[in-house]
Protein chains: 2
Amino acid sequence: MSSTGTSGRRVGSETRAEILRVALDLFTSRGFDGTSIRDIAEALGVTKSSLYYHFAGKEAIIRALLDDRRSDVEELLAWIDEQPPGTDLLHRAAMRWVGSTSPDRIRGMRFAHANRPVMRKLADDGGDLRAWFDDVVRRVLPEDAPVADVLRARMAFDTVSAALFAAQTTAATEAEVVEAALAATAALTRSTD
Amino acid sequence: MSSTGTSGRRVGSETRAEILRVALDLFTSRGFDGTSIRDIAEALGVTKSSLYYHFAGKEAIIRALLDDRRSDVEELLAWIDEQPPGTDLLHRAAMRWVGSTSPDRIRGMRFAHANRPVMRKLADDGGDLRAWFDDVVRRVLPEDAPVADVLRARMAFDTVSAALFAAQTTAATEAEVVEAALAATAALTRSTD
DNA sequence: GTCTATATAGAGATAGAC
DNA sequence: GTCTATCTCTATATAGAC
């Protein structure tokens with residue numbers, strides 16, 4: 001877009017987004033606690049202090065990361081509300097959710113995997129990831145659904161996560177992961193009733 | 001066993017086991033990085049230095065924890081080797097694995113969930129958790145099995161983990177979790193072929 | 001908006017008395 | 001086998017120049 005000349009340094013305009021990108025990468029591969037502000041700064045080619053200009057601190061960065069992912073679930077909730085109620089709503093909603101898995105969402109999941117303790121700490125202050133899916137499952141199952149059904153439903157929505165974990169030491173591509181997840185979701189929601 | 005008198009302090013004989021118990025608890029709830037040696041010491045009512053008498057350091061503690069869980073997988077491997085080969089070996093092995101889930105193993109899984117970054121760091125030095133299941137899946141599937149089947153198999157063995165995660169904001173008991181996991185494993189291994 | 005320099009706090013770990 | 005005291009390192013975060 002803008003001409004940056006021959007400098008190797010980072011531009012100033014989209015710095016915030018770039019910080020988030022790099023931070024997501026590092027938090028995912030080394031974990032939140034295993035990643036220092038300095039690590040992020042070095043990866044960006046700037047100093048720690050620069051980061052403090054853009055974010056109040058390390059926690060502010062991870063919060064911004066979470067906000068980015070929230071909209072996906074909200075979109076799903078909105079879609080569900082538009083649907084005609086029926087016994088196959090769980091199946092359709094779960095298939096839709098898993099089938100619409102984007103690379104961004106996969107990145108978000110890897111991040112969540114690597115940072116469950118931090119996520120839970122943030123969850124206590126509000127803005128939980130788990131709570132989002134409470135809503136989803138609540139709308140997709142009858143109110144008095146037995147625990148077994150609730151667990152099965154939640155697992156059906158979370159197959160990408162499971163497949164991602166399963167793929168950890170294999171050479172599976174992301175497409176294959178999503179495919180496996182879809183198959184699992186189908187298997188889990190076929191004979192719910 | 002031995003008479004300790006009226007002292008409120010911890011006994012000296014089984015200290016090692018007690019350290020591991022407390023450390024497992026704390027590592028699970030707050031994460032490895034979120035738990036300091038001091039935290040463990042305080043929970044035990046002793047000082048940091050005492051811990052260093054029993055363990056070389058923080059990493060030695062987590063390694064001891066991992067060793068405890070290794071035997072489970074080795075038992076499964078031994079069982080598999082005794083089985084007559086057949087197409088339903090995956091189903092039987094996975095059902096056996098999931099069905100034999102003990103409270104200890106659940107504790108181990110919660111621990112693993114909360115500490116994936118550390119686990120992966122330890123994995124690089126050998127003694128990986130993932131690698132153990134590489135062996136399991138290798139013996140239970142044909143050598144040239146397509147990726148989809150490998151992923152499905154790994155997911156089938158890991159349903160307790162998935163169910164545990166799914167149960168996070170629910171009131172599900174551990175028995176219900178295992179039950180849901182068994183159902184999922186059955187669904188995932190029924191029409192493998 | 002980015003830098004240098006520094007304040008401050010907490011971690012893991014060790015020495016050595018008891 | 002547990003203690004007190006201390007070392008060392010690294011982290012987050014801030015102050016203030018440019």
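In what follows, chains carry the letters A, B, and so on, assigned in the order in which the sequence lines appear, proteins first and then strands, with residues in each chain numbered from 1.
- The separation between B/Phe55 atom CZ and D/dT2 atom C1' is 16 Å, rounded to whole Å.
- To the nearest 0.5 Å, atom CG of residue B/Asp39 and atom NZ of residue B/Lys48 are 11.0 Å apart.
- Among the nucleotides C/dT6, D/dG1, C/dG1, the one closest to any side-chain atom of A/Lys48 is C/dT6.
- The CD-C1' distance, from A/Glu59 to D/dA11, rounds to 15 Å in whole Å.
- A close approach under 4.0 Å does not occur between any side-chain nitrogen or oxygen of A/Ser50 and OP1 or OP2 of C/dG1.
- The phosphate of D/dT2 (OP1 or OP2) has no side-chain N or O of B/Tyr53 nearer than 4.0 angstrom.
- Heavy-atom distances to DNA chain D give each of A/Ala56 and A/Asp39 a nearest nucleotide, and the one nearer the 5′ end belongs to A/Asp39.
- One interatomic measurement links the two molecules: CG of A/Leu44 to P of C/dT2, which rounds to 10 Å at whole-angstrom precision.
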Identify every side-chain donor-acceptor pair in residues 174-181 of chain A under 3.5 Å, counting partners at least two apart or on other chains, and give the distances.
{"residue": "A/Glu174", "atom": "OE2", "partner": "A/Arg110", "partner atom": "NH2", "Å": "3.1"}
{"residue": "A/Glu176", "atom": "OE1", "partner": "A/Thr173", "partner atom": "N", "Å": "2.8"}
{"residue": "A/Glu176", "atom": "OE1", "partner": "A/Thr173", "partner atom": "OG1", "Å": "3.3"}

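- We find that CG of A/Asp33 is positioned 9 Å from P of D/dT12, with the value rounded to whole Å.
- Geometrically, A/Arg16 does not engage A/Tyr53 in a cation-pi contact defined by less than 6.0 Å to the ring centre and at most 45° from the axis.
- Using a 4.0 Å heavy-atom cutoff across all strands shown, A/Ser49 reaches at least one base atom of the nucleic acid.
- For B/Tyr52, the side-chain atoms get nearest to C/dG12 when compared with the rest of C/dG12, D/dT2, C/dT2.
- In this structure, the CZ atom of B/Phe27 is 13 Å from the C1' atom of C/dA11, given to the nearest Å.
- Separating the CD1 atom of B/Ile40 from the P atom of C/dA13 is a distance of 11 Å, rounded to the nearest angstrom.
- Cation-pi geometry between B/Arg92 and B/Trp97 is not met at under 6.0 angstrom from the ring centre and within 45 degrees of the axis.
- Put simply, CZ on A/Arg38 is 10 Å from P on D/dT12, counting in whole angstrom units.
- Pairs passing the ring pair (Phe, Tyr, Trp, His ring centres under 6.0 Å) check and including a residue from residues 62-93 of chain A, sequence neighbours excluded, do not occur.
- Across all strands, B/Thr47 comes closer than 4.0 Å to base atoms (heavy-atom distances).
- We find that CG of A/Leu26 is positioned 13 Å from P of D/dA11, with the value rounded to whole Å.
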